[in-house]
Amino acid sequence: MGFFEDIRKAVCRIPMGKVATYGDVARAAGHAGAARQVSWALRNADALGIPWQRVLGSGGRILLPGRAGLLQRRLLQEEGVRFIGGRADIAKHGHRFKQSARSDGSGRSVG
DNA sequence: CCCTTGACTTAGA
DNA sequence: GTCTAAGCCAAGG
């Protein structure tokens, strides 16, 4: 398995109308701490059919510069993601990945 | 192997 | 809120 494959799989797990941070994607892909590399894998995501627009920076901030950033925001808004003060409402649209490689299973939901 | 780059993240002032 | 510094990891020259 390649590095990018793990990343792309994780990104594809994000459903429409939901968003996740680079760090979350990296963690869900089994590469915690590789948040920066997530963006690397997303550079060619568009050509691979990856929902790259659902990946944001910490706090729901769009880090993509230029038109790409505007495009990302527009795409998300079309998916129903609400933006507040230039940031996506991750409290409402933040996607929570299923428990992956968690020793204590702290990531599991109870109710 | 060494150094630089990058759509990152957290902590401090 | 804005800026700086340090930590982080993989790809490319």
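Naming convention: chains lettered A, B, ... in sequence-line order (proteins, then strands); numbering from 1 in each chain.
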Undergrad: If we take the P atom in both B:dA7 and C:dA6, what is their distance in whole Å?
TA: 22 Å

Undergrad: B:dC1 and C:dG13: how far apart are their C1' atoms, nearest whole angstrom?
TA: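 The same atom, C1', in both gives a distance of 12 Å.
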
Undergrad: Test side chain to side chain contact (heavy atoms under 4.5 Å, CB included) on A:Phe3 and A:Gln37 and set out the steps.
TA: CA-CA 9 Å; A:Phe3 178 84; A:Gln37 283 49 259; 3.2 Å; yes

Undergrad: Is it the case that the ring center of A:Phe4 lies less than 6.0 angstrom away from the ring center of A:Trp40?
TA: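 For A:Trp40 and A:Phe4, the ring centres are under 6.0 Å apart.
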
Undergrad: Do any N or O atoms from the side chain of A:His93 and from the backbone of A:Gly17 form a donor-acceptor pair under 3.5 angstrom?
TA: yes

Undergrad: Under the salt bridge (charged side-chain N to carboxylate O under 4.0 Å, His left out) rule, collect the residues that match up with A:Asp46, sequence neighbours excluded.
TA: none

Undergrad: Could you run through nucleotides 4-13 of chain B and give me one letter per nucleotide, 5' to 3': B if any protein heavy atom sits under 4.0 Å from the base, S if only the sugar-phosphate is that close, - if neither?
TA: --BBBSS---

Undergrad: Filter on side chain to side chain donor-acceptor pair (under 3.5 Å), then keep only pairs touching residues 59-84 of chain A, sequence neighbours left out; what's left?
TA: A:Gln53-A:Glu79, A:Arg54-A:Glu79, A:Arg74-A:Glu78

